[in-house]
Amino acid sequence: MPDLLWDDVRDFLDPDLTGALPDLFVPGVSVEDWQALFDLVEASGWTGWAR
């Protein structure tokens, strides 16, 4: 999603505005799959998204 900008979705993920995110379970996904996702997010320039 190269045209999705952090500023466009920041409010959806702000715990002060929307509360805590629900727990998430994705069947069949490995630790390596999650790491690949996190690496992709970081490489896309979404720094600070998980702080």
Side-chain angles (χ1 to χ4, degrees):
M1 294 185 195
D3 54 344
L4 181 64
L5 301 175
W6 175 246
D7 288 337
D8 294 340
V9 298
R10 173 177 285 162
D11 290 342
F12 296 120
L13 303 173
D14 185 336
D16 293 330
L17 295 175
T18 59
L21 292 174
D23 291 339
L24 180 70
F25 178 74
V26 181
V29 176
S30 68
V31 171
E32 291 81 14
D33 294 330
W34 282 113
Q35 188 61 56
L37 173 64
F38 297 145
D39 292 344
L40 176 62
V41 168
E42 185 176 31
S44 299
W46 282 26
T47 58
W49 65 276
R51 293 179 190 194

Asks: Are Phe12 and Trp6 connected into the same hydrophobic cluster when the rule is that any two of I, L, V, M, F, W, Y join if their side-chain heavy atoms are below 4.5 Å apart?
Replies: yes

Asks: Determine the minimum heavy-atom distance between Thr18 and Leu13, stating which atoms define it.
Replies: OG1-C, 4.4 Å

Asks: Heavy atoms, side chains only, cut-off 4.5 Å: are Val29 and Trp34 in contact?
Replies: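 Counting from C-beta outward, Val29 and Trp34 do come under 4.5 Å.
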
Asks: Hey, what do you get for CG (Asp14) to CG (Asp16), rounding to the nearest 0.5 Å?
Replies: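 Answer for the CG-CG pair, Asp14 versus Asp16, is 5.0 Å.
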
Asks: Hydrophobic cluster membership, with links at side-chain heavy-atom distances under 4.5 Å among I/L/V/M/F/W/Y: are Val41 and Val26 in one?
Replies: yes

